[in-house]
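For reference, the structure is listed below as structure tokens.
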Amino acid sequence: MSVRFPLLLVSIKGEDSQLRVYLPWMATLGLYGLLIGVSLCKGLYRRYPGFYFYLTLTTSLELLRFYVYTFDAQDYLSLYWWTQFLIVAAGFGVTWEIFGLTLRYYSGVRRFARGVVTFVFSVLAVQFAVSAVTGNFTKSVMGLQRNMHAVEVTLLLSLVMLIIYYGILLGRNLFGIILGYGLYLTSNMAMLTLHTVLGPTAQYWLDPLRQGCEILAALIWCVTLWQVHPNPIPDARELDADYDVWATRTANVFARTRAAIMRMLTA
Amino acid sequence: MIGILTTVLALLFLAVLLAWALGFSTNRKSASWSGSIKLPSRLIRERISSREDFQFVGVEAPEFRSQFLRDRKILMLICLQQMRAVAIESFRIHRTAVSLQVSMKPAVELRLAGDYLTFLLLWELARSLVWISNPVAAQSLTARVYTAAEELSDAAKQLIATNHSLRTEI
């Protein structure tokens, strides 16, 4: 899950800088390992397969990157970008899963939201295919990554607003996944944006900031995914009713109130 | 341009995440009236806004007249706040009830959200008007405020009755 900027890493020479890179990297990997271990013991893997697949994939690829960076740094650049696409693509799977689980009992909203996710992902896949064939792959994948993060953030922002708006109930596990993943996405998107605007020199202070956010996200997951906390099931009596009746009544409430206030204001 | 957009998006998302996390609860409010919000009865409202009392104070204790009007203005602001609370509760009931329904229509929901926002804006306007007006001018608005509150209360009662009958049928 960690985004290592190869241009910076390759240029690092001093031992202190190496320590500065390796320590947070290892800490994040250690927390991911812990999360995967806990999920296997508690059966969380079965409940959130998309998220744990993502976590496992990321951990595996990070270990591969770590190995290549340590022993064969010349190949790190190409490896980074190719594996990064896999991670970003798997991230969309997490977003999909979050939507599906959050809106499991909220049928109307779920259908609508899933359509939006599919459409957006299809558009981005086409964009990636075109840029991979015609353009500079490394350059395009960096922009694509930021854009994909932006799309994911937009989708999650919409979802969180829907959760607040409709009072959707979540268990602690899903709450933690959304919170941690949202924090991770936002920090990466902001870092990619600032990197583009400020240039590679800003990487020196951007990287610790982003690594801190990643560790914080991992800690949030550790706390919220330590035990199984499934999503509460809403009251079955509320599962069916005549929507049109509801909508008409509520619209009447506002129409009458609006009219009354207007009369008051124009008096 | 993209940089600005993504930065704004990141900040907005972080703010919403923080607000959500701080208010996170695993308990869901039900789609029924909490019963804690009540408008004052018609008798009390009529008594508070009656011209007779105002004239009585004006004749018998003119030194208290301005204080009397100020108190009425405060009561009217309280009434407006109760009115807003009723509207917010009504809309919360609506959202809670329809969120589980397969037949929910996003377009209708968007329109209702627009109605709700319009109401809140109008309410703020009305409150500001009452707040900045002098007590005598505010007094002339009293009856209108109470009428508006009554309209809302009646409509909200209908909504609650619908909810009750639907729940009973299920």
Side-chain angles (χ1 to χ4, degrees), chain A residues 105-109 112 146-147 150 153-154 156-157 160-161 163-172 175 179 182-183 186 189-190 192-194 196-197 229 232 234-235 237-247 249-265 267, chain B residues 2-3 5-7 9-10 12-14 16-17 19-21 23-24 26-31 83 87 90-92 94-106 108 111-112 115-116 118-119 122-123 125-126 129 140-141 144-145 147-148 151-152 154-156 158-159 162 166-167 170:
Chain A
Y105 302 106
Y106 306 84
S107 311
V109 189
F112 174 71
R146 183 192 59 190
N147 295 344
V153 167
T154 308
L156 284 179
L157 175 65
V160 173
M161 288 171 83
I163 289 169
I164 296 169
Y165 188 75
Y166 284 109
I168 292 170
L169 269 189
L170 290 184
R172 232 178 126 187
F175 167 71
L179 193 64
L183 184 67
T186 313
M189 187 179 70
L192 285 164
T193 304
L194 289 171
T196 312
V197 174
H229 291 286
D235 188 350
R237 288 177 301 172
E238 296 173 10
L239 280 171
D240 194 21
D242 190 338
Y243 175 75
D244 290 329
V245 173
W246 268 107
R249 295 280 188 187
T250 308
N252 283 343
V253 169
F254 287 120
R256 290 174 68 174
T257 312
R258 205 167 46 234
I261 292 179
M262 287 304 287
R263 279 200 302 275
M264 190 193 106
L265 290 173
Chain B
I2 292 175
L5 280 176
T6 49
T7 306
L9 183 65
L12 181 66
F13 187 48
L14 279 179
V16 172
L17 266 186
W20 177 53
F24 177 72
T26 51
N27 299 317
R28 186 168 194 251
K29 288 183 177 177
S30 71
M83 182 182 174
S90 301
F91 198 48
R92 186 195 67 74
H94 166 86
R95 293 198 307 267
T96 310
V98 303
S99 62
L100 301 168
Q101 294 178 23
V102 182
S103 54
M104 194 189 86
K105 294 167 186 164
V108 176
R111 187 168 55 77
L112 286 173
D115 285 350
Y116 182 59
T118 310
F119 161 76
L122 280 173
W123 182 88
L125 189 65
L129 196 69
S140 67
L141 290 170
R144 296 279 181 178
V145 171
T147 308
E151 288 272 339
L152 176 62
D154 290 346
Q158 281 185 8
L159 188 69
T162 308
L166 286 170
R167 287 167 73 95
I170 294 163

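Naming: A, B, ... by sequence-line order, numbering from 1 per chain.
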(request) Under 4.5 Å, counting heavy-atom pairs only, tell me which of A/Ile163, A/Leu194, A/Thr186, A/Leu183 racks up the most with chain B. (result) A/Thr186
(message) What part of A/Ile164 gets within 4.5 angstrom of chain B, counting heavy atoms only: side chain, backbone, both, or neither?
(response) side chain
(message) B/Ala19: which residues meet the side-chain contact (heavy atoms from CB on, under 4.5 Å) condition with it, sequence neighbours left out?
(response) none
(request) For residues B/Leu112 and A/Ala247, report the shortest heavy-atom separation together with the two atoms involved. (result) CD2-O, 4.0 Å
(request) Considering non-hydrogen atoms only, spot the tightest contact between A/Ala150 and B/Thr6 and give its length. (result) CB-CG2, 4.1 Å
(request) Keeping the roles fixed (side chain from B/Arg95, backbone from A/Gly167), state whether a donor-acceptor pair exists under 3.5 Å. (result) no
(message) Just to verify, what does A/Leu157 make a side-chain contact (heavy atoms from CB on, under 4.5 Å) with, not counting sequence neighbours?
(response) A/Met161, B/Leu9, B/Leu12, B/Phe13, B/Val16
